[in-house]
Amino acid sequence: MKTSTNLIAFITALSLHLIVGGLLLMSVDFSLPKDEPKEAVSIIEATIINQQMLDDLAKNAQKNKQAKQQKIDDERQQKEREQAEVARQEALLQKQKEDKIRADKEAIQRKEQEVLRQQQEVKRLEAEKVAAAQALQEKQKAEAEAKVLQEKKKADDAARALKEKQKAEEDAKALKLKQDAEKKEAAKKEAERVKAERR
(Lines give C-alpha, C1' and ligand atoms only; values in the text may rest on other atoms or scores of the structure.)
Protein backbone atom coordinates (compact mmCIF):
# COMPACT_ATOMS: atom_id res chain seq x y z
CA MET A 1 0.00 0.00 0.00
CA LYS A 2 2.85 2.37 0.82
CA THR A 3 4.59 1.58 -2.50
CA SER A 4 1.44 2.34 -4.52
CA THR A 5 0.98 5.62 -2.61
CA ASN A 6 4.57 6.64 -3.38
CA LEU A 7 4.11 5.67 -7.04
CA ILE A 8 0.95 7.78 -7.33
CA ALA A 9 2.69 10.75 -5.70
CA PHE A 10 5.68 10.39 -8.04
CA ILE A 11 3.49 10.22 -11.18
CA THR A 12 1.44 13.22 -10.01
CA ALA A 13 4.56 15.31 -9.30
CA LEU A 14 6.11 14.35 -12.67
CA SER A 15 2.88 15.26 -14.52
CA LEU A 16 2.68 18.66 -12.82
CA HIS A 17 6.33 19.41 -13.67
CA LEU A 18 5.78 18.46 -17.33
CA ILE A 19 2.66 20.67 -17.54
CA VAL A 20 4.43 23.66 -15.98
CA GLY A 21 7.49 23.11 -18.21
CA GLY A 22 5.24 22.94 -21.31
CA LEU A 23 3.52 26.20 -20.36
CA LEU A 24 6.86 27.92 -19.83
CA LEU A 25 8.13 26.70 -23.21
CA MET A 26 4.96 27.95 -24.92
CA SER A 27 5.47 31.45 -23.54
CA VAL A 28 9.12 31.74 -24.72
CA ASP A 29 9.68 33.65 -27.97
CA PHE A 30 12.23 31.74 -30.08
CA SER A 31 12.36 34.27 -32.97
CA LEU A 32 15.60 36.07 -33.70
CA PRO A 33 15.88 39.66 -32.57
CA LYS A 34 14.94 42.12 -35.26
CA ASP A 35 17.59 44.39 -36.57
CA GLU A 36 17.00 47.95 -35.62
CA PRO A 37 16.92 50.34 -38.56
CA LYS A 38 19.93 52.47 -38.95
CA GLU A 39 19.42 55.97 -37.78
CA ALA A 40 21.31 57.40 -40.69
CA VAL A 41 18.48 56.68 -43.06
CA SER A 42 15.31 58.44 -42.19
CA ILE A 43 12.57 57.69 -44.57
CA ILE A 44 9.25 59.18 -43.91
CA GLU A 45 6.38 57.34 -45.37
CA ALA A 46 3.20 59.21 -45.38
CA THR A 47 -0.08 57.54 -45.55
CA ILE A 48 -3.53 58.86 -45.54
CA ILE A 49 -5.41 57.95 -42.43
CA ASN A 50 -9.11 57.76 -42.64
CA GLN A 51 -11.76 56.83 -40.11
CA GLN A 52 -11.96 53.25 -41.37
CA MET A 53 -8.29 52.68 -40.69
CA LEU A 54 -8.64 54.14 -37.20
CA ASP A 55 -11.61 51.87 -36.55
CA ASP A 56 -9.62 48.86 -37.81
CA LEU A 57 -6.68 49.81 -35.60
CA ALA A 58 -9.01 50.18 -32.62
CA LYS A 59 -10.60 46.80 -33.39
CA ASN A 60 -7.19 45.16 -33.72
CA ALA A 61 -6.08 46.72 -30.44
CA GLN A 62 -9.30 45.53 -28.82
CA LYS A 63 -8.77 42.04 -30.25
CA ASN A 64 -5.16 42.00 -29.06
CA LYS A 65 -6.28 43.16 -25.61
CA GLN A 66 -8.99 40.50 -25.51
CA ALA A 67 -6.51 37.85 -26.65
CA LYS A 68 -4.04 38.91 -23.96
CA GLN A 69 -6.85 38.92 -21.37
CA GLN A 70 -7.99 35.50 -22.59
CA LYS A 71 -4.43 34.21 -22.33
CA ILE A 72 -4.14 35.63 -18.80
CA ASP A 73 -7.50 34.07 -17.88
CA ASP A 74 -6.47 30.74 -19.37
CA GLU A 75 -3.18 30.82 -17.48
CA ARG A 76 -5.00 31.76 -14.27
CA GLN A 77 -7.52 28.94 -14.78
CA GLN A 78 -4.70 26.52 -15.53
CA LYS A 79 -2.92 27.62 -12.37
CA GLU A 80 -6.14 27.24 -10.37
CA ARG A 81 -6.62 23.77 -11.84
CA GLU A 82 -3.04 22.86 -10.94
CA GLN A 83 -3.49 24.22 -7.41
CA ALA A 84 -6.78 22.34 -7.10
CA GLU A 85 -5.06 19.15 -8.29
CA VAL A 86 -2.22 19.70 -5.81
CA ALA A 87 -4.76 20.34 -3.05
CA ARG A 88 -6.69 17.22 -4.10
CA GLN A 89 -3.50 15.15 -4.03
CA GLU A 90 -2.58 16.56 -0.61
CA ALA A 91 -6.10 15.84 0.65
CA LEU A 92 -5.84 12.31 -0.76
CA LEU A 93 -2.47 11.80 0.94
CA GLN A 94 -3.86 13.20 4.18
CA LYS A 95 -6.86 10.88 3.96
CA GLN A 96 -4.57 7.91 3.27
CA LYS A 97 -2.45 8.86 6.30
CA GLU A 98 -5.58 9.16 8.46
CA ASP A 99 -6.88 5.84 7.14
CA LYS A 100 -3.53 4.21 7.93
CA ILE A 101 -3.50 5.72 11.43
CA ARG A 102 -7.08 4.55 11.96
CA ALA A 103 -6.24 1.07 10.67
CA ASP A 104 -3.18 0.93 12.95
CA LYS A 105 -5.31 1.99 15.93
CA GLU A 106 -7.93 -0.63 15.09
CA ALA A 107 -5.21 -3.28 14.75
CA ILE A 108 -3.79 -2.28 18.14
CA GLN A 109 -7.28 -2.40 19.68
CA ARG A 110 -7.88 -5.82 18.14
CA LYS A 111 -4.55 -7.06 19.54
CA GLU A 112 -5.38 -5.65 22.98
CA GLN A 113 -8.83 -7.29 22.87
CA GLU A 114 -7.25 -10.58 21.81
CA VAL A 115 -4.73 -10.38 24.67
CA LEU A 116 -7.56 -9.55 27.09
CA ARG A 117 -9.63 -12.45 25.76
CA GLN A 118 -6.67 -14.81 26.15
CA GLN A 119 -6.11 -13.59 29.72
CA GLN A 120 -9.78 -14.15 30.49
CA GLU A 121 -9.58 -17.61 28.93
CA VAL A 122 -6.52 -18.43 31.07
CA LYS A 123 -8.33 -17.19 34.19
CA ARG A 124 -11.40 -19.24 33.26
CA LEU A 125 -9.28 -22.37 32.73
CA GLU A 126 -7.50 -21.79 36.04
CA ALA A 127 -10.86 -21.32 37.79
CA GLU A 128 -12.11 -24.54 36.18
CA LYS A 129 -8.96 -26.35 37.33
CA VAL A 130 -9.43 -25.03 40.89
CA ALA A 131 -13.12 -26.00 40.82
CA ALA A 132 -12.25 -29.46 39.47
CA ALA A 133 -9.59 -29.90 42.16
CA GLN A 134 -12.06 -28.84 44.84
CA ALA A 135 -14.71 -31.17 43.43
CA LEU A 136 -12.16 -34.01 43.39
CA GLN A 137 -11.17 -33.27 47.00
CA GLU A 138 -14.83 -33.16 48.04
CA LYS A 139 -15.50 -36.42 46.18
CA GLN A 140 -12.48 -38.09 47.78
CA LYS A 141 -13.54 -36.77 51.18
CA ALA A 142 -17.10 -38.02 50.63
CA GLU A 143 -15.79 -41.41 49.49
CA ALA A 144 -13.49 -41.58 52.53
CA GLU A 145 -16.37 -40.69 54.83
CA ALA A 146 -18.60 -43.26 53.11
CA LYS A 147 -15.84 -45.85 53.48
CA VAL A 148 -15.43 -45.01 57.17
CA LEU A 149 -19.22 -45.22 57.65
CA GLN A 150 -19.32 -48.51 55.77
CA GLU A 151 -16.46 -49.93 57.85
CA LYS A 152 -18.17 -48.67 61.01
CA LYS A 153 -21.42 -50.26 59.87
CA LYS A 154 -19.58 -53.53 59.14
CA ALA A 155 -17.97 -53.37 62.57
CA ASP A 156 -21.36 -52.62 64.18
CA ASP A 157 -22.97 -55.46 62.21
CA ALA A 158 -20.14 -57.81 63.24
CA ALA A 159 -20.45 -56.74 66.87
CA ARG A 160 -24.24 -57.15 66.72
CA ALA A 161 -23.86 -60.57 65.11
CA LEU A 162 -21.30 -61.55 67.74
CA LYS A 163 -23.65 -60.37 70.52
CA GLU A 164 -26.53 -62.25 68.95
CA LYS A 165 -24.36 -65.34 68.62
CA GLN A 166 -23.22 -65.02 72.24
CA LYS A 167 -26.83 -64.48 73.33
CA ALA A 168 -27.93 -67.48 71.29
CA GLU A 169 -25.15 -69.54 72.83
CA GLU A 170 -26.13 -68.33 76.30
CA ASP A 171 -29.79 -69.06 75.54
CA ALA A 172 -28.81 -72.50 74.28
CA LYS A 173 -26.74 -73.11 77.43
CA ALA A 174 -29.59 -71.86 79.62
CA LEU A 175 -32.03 -74.08 77.72
CA LYS A 176 -29.70 -77.04 78.07
CA LEU A 177 -29.25 -76.35 81.76
CA LYS A 178 -33.01 -76.02 82.12
CA GLN A 179 -33.56 -79.23 80.20
CA ASP A 180 -30.90 -80.95 82.30
CA ALA A 181 -32.53 -79.62 85.42
CA GLU A 182 -35.96 -80.77 84.17
CA LYS A 183 -34.51 -84.17 83.34
CA LYS A 184 -32.95 -84.36 86.78
CA GLU A 185 -36.20 -83.25 88.32
CA ALA A 186 -38.11 -85.74 86.23
CA ALA A 187 -35.61 -88.46 87.12
CA LYS A 188 -35.88 -87.47 90.76
CA LYS A 189 -39.66 -87.58 90.65
CA GLU A 190 -39.52 -90.89 88.83
CA ALA A 191 -37.14 -92.18 91.42
CA GLU A 192 -39.42 -90.97 94.22
CA ARG A 193 -42.47 -92.45 92.49
CA VAL A 194 -40.67 -95.78 92.12
CA LYS A 195 -39.56 -95.52 95.66
CA ALA A 196 -43.05 -94.74 96.79
CA GLU A 197 -44.42 -97.73 94.88
CA ARG A 198 -41.90 -99.91 96.48
CA ARG A 199 -42.97 -98.86 99.88
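In this text the structure is predicted, and so the values were computed from the model without any measurement.
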Q: Please round to the nearest 0.5 Å and tell me the distance separating atom NZ of Lys178 and atom CD of Glu185.
A: 12.5 Å
Q: Could you tell me whether Lys154 and Glu151 make a salt bridge, using a distance below 4.0 angstrom between a side-chain N and a carboxylate O?
A: no
Q) Rounded to the nearest 0.5 Å, how far apart are NZ of Lys100 and OG1 of Thr5? A) 9.5 Å
Q: Decide yes or no on salt bridge (Lys or Arg N to Asp or Glu O under 4.0 Å) for Asp99 and Arg102, but give the supporting numbers first.
A: CA-CA 5 Å; Asp99 290 344; Arg102 189 181 307 112; 2.8 Å; yes
Q) Are any of the side-chain nitrogens in Glu98 or Lys95 under 4.0 Å away from the carboxylate oxygens of its partner? A) no
Q: State whether Lys123 and Glu126 are salt-bridged, where the test is any N-O pair (Lys NZ or Arg NE/NH1/NH2 against Asp/Glu carboxylate O) under 4.0 Å.
A: no
Q: Verify side chain to side chain contact (heavy atoms under 4.5 Å, CB included) between Leu93 and Gln96, making sure each step is shown before the conclusion.
A: CA-CA 5 Å; Leu93 289 174; Gln96 289 174 348; 3.7 Å; yes
Q | Leu116 side chain reached by Gln119 side chain, heavy atoms, under 4.5 Å | A | yes
Q: Output every pair passing salt bridge (charged side-chain N to carboxylate O under 4.0 Å, His left out) with a member in residues 64-75, not counting sequence neighbours, ordered by first then second residue.
A: Asp73-Arg76
Q) Charged N to carboxylate O under 4.0 angstrom, Glu169 versus Lys173? A) no
(Q) I need the Arg81 CZ to Ile19 CD1 distance, nearest 0.5 Å. (A) 9.5 Å
Q | Nearest-0.5 Å distance that lies between atom CG in Leu162 and atom CG in Asp157 | A | 12.5 Å
Q | Under 3.5 Å side-chain donor-acceptor pair for Glu85 and Gln89 | A | yes
**Q.** Atom pair CD (Glu192) and NZ (Lys188), whose distance is rounded to the nearest 0.5 Å
**A.** 6.0 Å
Q | Pairwise distance NZ(Lys183) to CD(Glu190) - rounded to 0.5 angstrom | A | 14.5 Å
Q: Before accepting this row, confirm whether a basic side-chain N of the pair Asp171/Lys167 lies closer than 4.0 Å to the acidic partner's carboxylate O.
A: no
